[in-house]
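Here the structure comes first, spelled out in structure tokens, and everything after it is commentary.
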Amino acid sequence: MNTYHEVQLDALGDATRRAIVDRLLRGPAPVGKLAEASPVSRPAISQHLRVLQQARLVTDQVDGTRRVYQLDPQGFESLRSYLDRFWSIAVDAFKQKVEEE
């Protein structure tokens, strides 16, 4: 497996990070907003965001004195392409099995 995809999958292996990604599906948000909807502290949310950024799943932009986070479409496209390979293998195997019968 490509190390890049390992990092992405590891990042999404944590429930808090998945919750952050789920929230960011609705649009960009600063750390404070993300922390409001989470049982973990604001510093913990910042650490989770750092992991998601290193995995290239989240980007940030400076807006005055705060950073606003959003999903990184390129990172998710790369992850999707990687996972699509497995889907294609499964569909091909299913098709082959059906055709044998």
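Predicted, not measured: the structure shown is a model, and the values here were computed from it.
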Practice task
Please go through Trp87's hydrophobic cluster and name the other residues, only I, L, V, M, F, W, Y counting, with side-chain heavy atoms under 4.5 Å joining them.
Solution key: Val91
Handout entry: Identified side-chain contact (heavy atoms from CB on, under 4.5 Å) partner of Leu57 from the options Val7, Leu49, Leu12, Leu71
Key = Leu12
Completion exercise
side-chain contact (heavy atoms from CB on, under 4.5 Å) filter on Gln54, not counting sequence neighbours, yields Arg50
Practice task
Would you kindly confirm whether Val31 and Leu25 end up in one hydrophobic cluster when ILVMFWY residues are joined by side chain heavy atoms under 4.5 Å apart?
Solution key: yes
Completion exercise
Separation between CG (Leu9) and OH (Tyr82), nearest 0.5 Å, reads 6.0 Å
Practice task
Just grab all the salt bridge (Lys or Arg N to Asp or Glu O under 4.0 Å) pairs involving residues 66-81, residues at least two apart or on different chains.
Solution key: Asp60-Arg67, Asp63-Arg66, Arg80-Asp84
Fill in the blank from the handout: Residue set satisfying side-chain contact (heavy atoms from CB on, under 4.5 Å) with Glu100, at least two apart, ordered chain then number -> Gln96, Lys97
Fill in the blank from the handout: Applied to residues 19-47, the side-chain hydrogen bond (donor to acceptor under 3.5 Å, both in side chains) test, sequence neighbours excluded, yields none
Problem - Non-hydrogen side-chain atoms of Leu52 and Tyr69 separated by less than 4.5 Å - result: no
Handout entry: Members besides Val51 in its Ile/Leu/Val/Met/Phe/Trp/Tyr cluster (side-chain heavy atoms under 4.5 Å)
Key = none
Practice task
Using the test side chain to side chain donor-acceptor pair (under 3.5 Å), find all partners of Ser78 that sit at least two apart in sequence or belong to another chain.
Solution key: His5
Practice task
State which residues pass side-chain contact (heavy atoms from CB on, under 4.5 Å) with Pro28; sequence neighbours excluded, sorted by chain then number.
Solution key: Val68, Gln70
Handout entry: Partner set under ring-ring contact (aromatic ring centres under 6.0 Å, His included) for Phe94, not counting sequence neighbours
Key = none
Handout entry: Common cluster, Leu34/Val62, ILVMFWY with side-chain heavy-atom separation under 4.5 Å
Key = no
Handout entry: Non-neighbouring partners of Arg17 that pass side chain to side chain donor-acceptor pair (under 3.5 Å), sequence neighbours left out
Key = His48
Exercise for the section: Using the rule that two of Ile, Leu, Val, Met, Phe, Trp, Tyr join whenever any of their side-chain heavy atoms come within less than 4.5 Å, decide whether Leu79 and Phe86 are in one cluster. Expected result: yes
